[in-house]
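So the structure is just underneath, and the comments pick up after that.
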Amino acid sequence: MATAATASAPASASTSAAYDAPSASSSCPAAVCLVPFRWWAGVREEAAEEGGVRYAATPAASPSYYGLRLLHSFLHPDLVLRLDRGECRASATSGGSRSYALVPADELSRALARQNSSLALHNKHSFAEDSAGAYPLVLRISVRETSILTVKISKKDNPVDNYKRANKMFNIDSQPVHVWDFSGQTNLILMNEWNRSHQDYCHSEQENLLEVQVYAMSDSLTFKIGGTSMNVDMSCGNFGRVSAMGLIGLENLGNTCFMNSSIQCLAHTTKLVDYFLGDYDSDINQTNPLGLNGELALTFGELLRSLWTNDRNTVAPHNFKAKIACFAPQFSGFNQHDSQELLAFLLDGLHEDLNQVKYKPYEEAKDASGRPDEEVADEYWRNHLARNDSVIVDTCHGQYKSTLTCPTCSKTSVTFDPFMYLSLPVPSMAKRTMTVTVFSTDGSREPFSYDVSVPKFGTLSDLVQALSAACSLGGDESLLITEVYNNCIIRYLEEPSDSVSLLRDGDKLAAYRLPKQYEKSPLVVFTHKHFAEHSGVDNFVTPQMKDFEAPLLAPLPEPVNGLTLQEIYLKLLNPFRFSKTISLSTDCGRGSSDCAVYLMDAAGDCAVNLMDVTPSSSDGNVHSAQLEDGPERNQCNDNSCEVMEGSSEAYCGETDVFDKEAQTEQFGFYLTNERDDVQRTRIEMNDLDLLDTTPSRLHVSVNWQHSASKQYDISMLNNLPEIHKLEVILKGTEDSVALQGCLEAFLKEEPLGPEDMWYCPCCKKHQQAMKKLDLWRLPEVLVIHLKRFSYTQFTRNKLETFVDFPISDLDLSSYIATENEQPNKHYRLYAISNHYGNMGGGHYTASICQEGKGWHKFDDECVTPISEDNIKTAAAYVLFYRRE
C-alpha cells in the first residue's frame, strides 16, 4: 500500500492558474488529505465517527438513455458528483461500499507519528514508508442546496493520470461511495455560501477550489497496518464490526468452476494480495511484446480487490472471464477446462504484464566446463533475473538442476532452469488385469489366453514383461502384440513407452511368438472366413460366410509363391486339427504284436505309435504324446490302416492318410489389404512369381470350404476374448501414495521419450539420454501440480490415487541438491484446488486457510467452514504451500 507521510501545500504550481479563476473562492483552505476511512478509523485517538460529517456520493444528473449518456459524457468529460450530507445509501445489490476521509494534514501527521513509533518497537512496516504514490487532486465544490454539495473534478485542473485515478476511485457504478469530512472544509464552504447568499440575492453558483493530497493506495481495500488487517464495516451503524473480507464466493458463469478455484487460491496468496491491493499501476509494462498490454494484471487486480474490499456474498467475474477469453481463446465459451492450465496461463501472463525489465538483455548460457555447480547455478539465476523482474518471480519462481547423460559416450550436460510450479507424477500401485491370447508363428503350440496384471497406468513394456513371464517366453523369442478388430489387425503395439490406458477393456489383443531372428523380417498376415449355418426364411438353414476373429501370422520367406503361402498356412493350422486315432484293419487281430495304434498329426501323417508308449499304471492309461514336426517322424508301416473316428475313413501306406490335393482344394487364397476391404486377387498355387517386391507385411485372405470347418477346432479362432471386464473396487482398497513418493518419482533418473531426444555434441546426433532432476532453489510460495490427468489422441484418464500430503510441515531439506545456505526449507499448506468426478463431468472447488479464520471450502458462490481433518481427499489437484 503506497502512501504519503506529509500533507501537500495548499496549492501546487501546476494548479496555480486554477486558483486565479474569477469564480474561485478568495480564501485559501488549509492543507487537507484524503485517506481511506478504514485506516483512519483504526489510527485516530477518537471514536471512528466522532467529529466527522458523512456524505453519500451519487452521480450528478445525466440522461438516463444510454446513447444520450454517452454523448453527454463526451461533451462534458468532467467527473461530477453530488454529495448528500448525512445520507448513507449502501446499495442492496452491491453488498458493500467504499469510504474515504478528509482529514487535516497536521492531524494526519500526529496519527502517523503515533503509529510509526508503535510499529518501530516491533520492527514492522509503517504506513508512512509507502508515500511515493501520493498525488494532488483539485476539487471544484459548489453548493446547490442547504445540505447538498456538487464536486467537480476537471481535466483542466488536474494531470491526466491524476484525473484517471480519481475516476477510478469515485466509480459509483460499481459500489456506493461515502466521504467523511474531519477537516471542517465542507462546513466552511457551506457557511460561506450561506452568508454570501444572504448578502447577494442575485448570485450564481460559485465554485470553491479545494486541493487535497490523495494517498495513492487502492481505492477500496483491506488495509494492513504492521501486518494487522483493519477490516472495518462501512455500512451505516456498523462501524467497527469485523467483516468477512476474503470469504466471498465467485458466481459460476457456466462451467467456470475451474476458473473460480484457481482465482480463489491466488486471491489468498498473501504476497499477491498485498501487492494488488496496493499501488501496482506503476508496475504495468504495456510495451512488453510477451505481455497482454497490462490488461490481464489490471483485470485481475480489480477482481482481487472486489474479493477483499466489501461484504457482499458473491462476485460475478464477468469482466475477468471476458478478458481471459480474449487473450486465451482456449478458455472461451462455457466448456469445462483444466484449472492448472488456467493457473499456468495466469501466472505467466501476470508476470509478463508486470515485468519491470523493459529491454531484456541477451544472455547466452555457458557450459559448466568443470566449474562448481554453485557458481554455474548463480550465473543462470542472475541471467534469469536480468530478464525477469516481477512480483510473480519474487513469489513463485524457483530453480532446479537438470542433468543429461548420453547413453553412448557418457557425455554429461548440466543446466539450471527456473520453474514456476512443480508438476509431479502420481505413482499408482493400482493394477489392471488384462487378457491376451498368445499364438505361435510356426504351428508348434496351441493358442492360449493369459490373464496378466500390469500397473493401471503402466506402459506396453510392462505388459510385454508380464506376458512374457506368463507364457514362458524363450530367450530366443520375442512377442509382437496387436490389437484386433473385425478379423483384422488394426494396430501393432510396438512402442514400449505407450500407455496401456490406450487400450479399453472391450478391446481384443492377440500376441504372436516370433523368433528373434525374424523380428525385423517381413511378415505374412492371414485373415480367414468360413461357412457358418444361418437360419433364413421359414427356418431354412443356409450356409453363410463368416469371419474368424483371430488372424494368424508368420515370418514370410523368400521367394514368395502360392505353394509357400499354402504350406505356411496349413502349418499354422496344425494346433487346431482334431486328433485322429488310427488302428489296423480287422485282419490284424487286436492282440497281435503286428498291430499298432497311431496318433495322427495335424497334417494327416501317422506320427506316434501309441503301442510303444509305456503305460503309467495297470489300468492301461498312457502318457500324452508330444507331436513334433521334423524329418525323423515315425511313419505308418506298409500295412493298411483304418481311421476309427465316426464315419470318416482314410488310408495310409500305399494311399496317403489324407489326399493332399483334396486338402488344398478346401482353401482359397487371395491377396488383400490390411482391412480386407478391397477387390481381392486370387493366388494360384502354380504362380511362382507372385510379388515384384516383398512388402514388410503381406496380407492374405483365406476362404474355407464347408468341409474344412469339420476338421478343425475353430472355437479359439472364432472367439477372441476381450482384454478385461470392469470389476468393482472394494471400499478401503483404493490406491494411495505419499507426497514424498510423488517428489521422488519426479526427481528420479529416467530416459527421455523418443519425441524429446537430446543432441549429443560428442556423438553429433540425437540420443535418448538419461535425465535427472534436482531441486536447487526454492520459492517463497511453492505450487505443486499433481498430474492426475493424462491425454492421448484416443483417451483421457484421471488418476483417483489418494495423495497423503503434509499440512503443517513439508520438509524439503533432503530434496535440495546444494549445501549452500538457503532460506527455510519448511512449508505450510494454505490452499488446495480440488477436482471431483471424471474428465467429462467433473467439478472444481478450493479449500483455503485464512489467517485467524481457519479452513474454508470455496464451492463457487458457497463459502463454508471446513475442518482441517477433512481437507485431505483424493480430489486434491493443485497444492499451494508458503514458506514457514
Side-chain angles (χ1 to χ4, degrees), residues 437 439-447 480 482 484-490 492 508 510 512-514 522-534 543-578 601-604 629 658-691 694-720:
T437 305
F439 296 83
S440 67
T441 57
D442 59 2
S444 62
R445 299 170 183 265
E446 290 185 1
L480 175 61
T482 65
V484 177
Y485 180 75
N486 278 353
N487 181 45
C488 298
I489 296 175
I490 62 171
Y492 293 85
K508 299 180 179 183
Y512 301 91
R513 306 173 72 118
L514 274 173
L523 301 174
V524 56
V525 181
F526 294 100
T527 55
H528 25 216
K529 306 174 187 291
H530 68 106
F531 280 102
E533 294 182 348
H534 174 71
Q544 185 180 29
M545 292 298 289
K546 181 181 178 182
D547 291 329
F548 285 120
E549 283 195 352
L552 298 177
L553 183 147
L556 182 63
E558 294 185 3
V560 180
N561 55 60
L563 287 174
T564 304
L565 294 176
Q566 175 188 271
E567 290 176 1
I568 293 174
Y569 185 69
L570 292 177
K571 192 173 183 179
L572 292 176
L573 289 181
N574 278 351
F576 302 96
R577 283 296 297 263
F578 288 118
D601 73 355
D629 296 325
F658 274 91
D659 188 346
K660 293 293 182 66
E661 293 183 2
Q663 187 180 17
T664 301
E665 293 176 356
Q666 294 178 343
F667 304 100
F669 295 84
Y670 300 84
L671 289 178
T672 185
N673 65 352
E674 64 275 7
R675 300 285 182 178
D676 195 15
D677 56 3
V678 297
Q679 184 67 34
R680 302 181 299 173
T681 304
R682 186 177 179 89
I683 301 174
E684 302 296 339
M685 294 301 102
N686 57 359
D687 190 352
L688 301 179
D689 190 16
L690 184 60
L691 301 172
T694 303
S696 60
R697 294 187 178 105
L698 177 65
H699 296 272
V700 177
S701 178
V702 183
N703 284 3
W704 288 37
Q705 299 303 317
H706 186 64
S707 59
S709 299
K710 298 180 179 181
Q711 301 176 25
Y712 294 90
D713 181 3
I714 63 174
S715 59
M716 189 62 77
L717 291 174
N718 224 10
N719 298 289
L720 197 62

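For the atom pair NE2 of His530 and NZ of Lys546, the computed distance is 5.5 Å after rounding to the nearest 0.5 Å. To the nearest 0.5 Å, atoms CG (Leu573) and CG (Asp713) are separated by 11.5 Å. In this structure, Thr441 OG1 and Arg513 CZ are separated by 9.0 Å, a value rounded to the nearest 0.5 Å. Interatomic distance, Ile714 CD1 to Trp704 CH2, rounded to the nearest 0.5 Å: 6.5 Å. The distance from atom CD of Glu446 to atom CE of Met716, rounded to the nearest 0.5 Å, is 8.0 Å. Atoms OG1 and CG, on Thr564 and Leu556 in that order, are 8.5 Å from each other to the nearest 0.5 Å.
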Taking only distance into account, with no hydrogens and no angle test, what donor-acceptor pairs under 3.5 Å do side-chain atoms of residues 694-702 form with protein atoms, sequence neighbours excluded?
residue : atom : partner : partner atom : Å
Arg697  : NH2  : Glu494  : OE1          : 3.4
Arg697  : NH2  : Glu494  : OE2          : 3.4
Ser701  : OG   : Arg680  : NH1          : 2.6

Could you pull out every donor-acceptor pair under 3.5 Å between side chains of residues 547-554 and any protein atom, sequence neighbours left out?
residue : atom : partner : partner atom : Å
Asp547  : OD1  : Lys529  : NZ           : 2.7
Glu549  : OE1  : Lys508  : NZ           : 3.1
Glu549  : OE1  : Leu720  : N            : 2.7
Glu549  : OE2  : Lys508  : NZ           : 3.0

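Within 6.0 Å of OH on Tyr492 lie more than 12 heavy atoms contributed by other residues, nucleotides or ligands.
Applying the ring-ring contact (aromatic ring centres under 6.0 Å, His included) criterion to Tyr569, with sequence neighbours excluded, gives Phe526, His528, Phe667, Phe669. Here Asn487 pairs with nothing under the side-chain hydrogen bond (donor to acceptor under 3.5 Å, both in side chains) rule; sequence neighbours left out. Among residues two or more places apart in sequence or in another chain, the side-chain hydrogen bond (donor to acceptor under 3.5 Å, both in side chains) test is passed with Asn718 by none.
Taking every heavy atom of both residues into account, Gly443 and Asn574 meet most closely at O-CB, 3.7 Å. Summarising the geometry of Leu572 relative to Pro575, their closest heavy-atom pair is O-CD, 3.2 Å, with the distance given to 0.1 Å. In plain terms, the two heavy atoms of Pro555 and Val524 that are nearest each other are O-CG1, 4.2 Å.
In this structure, the side chains of Ile490 and Arg675 come closer than 4.5 Å at one or more pairs of heavy atoms.
The backbone N or O of Ala510 sits nowhere less than 3.5 Å from a side-chain atom of Thr437 that would complete a donor-acceptor pair.
The salt bridge (charged side-chain N to carboxylate O under 4.0 Å, His left out) analysis of residues 550-569, with sequence neighbours excluded, yields no pairs.
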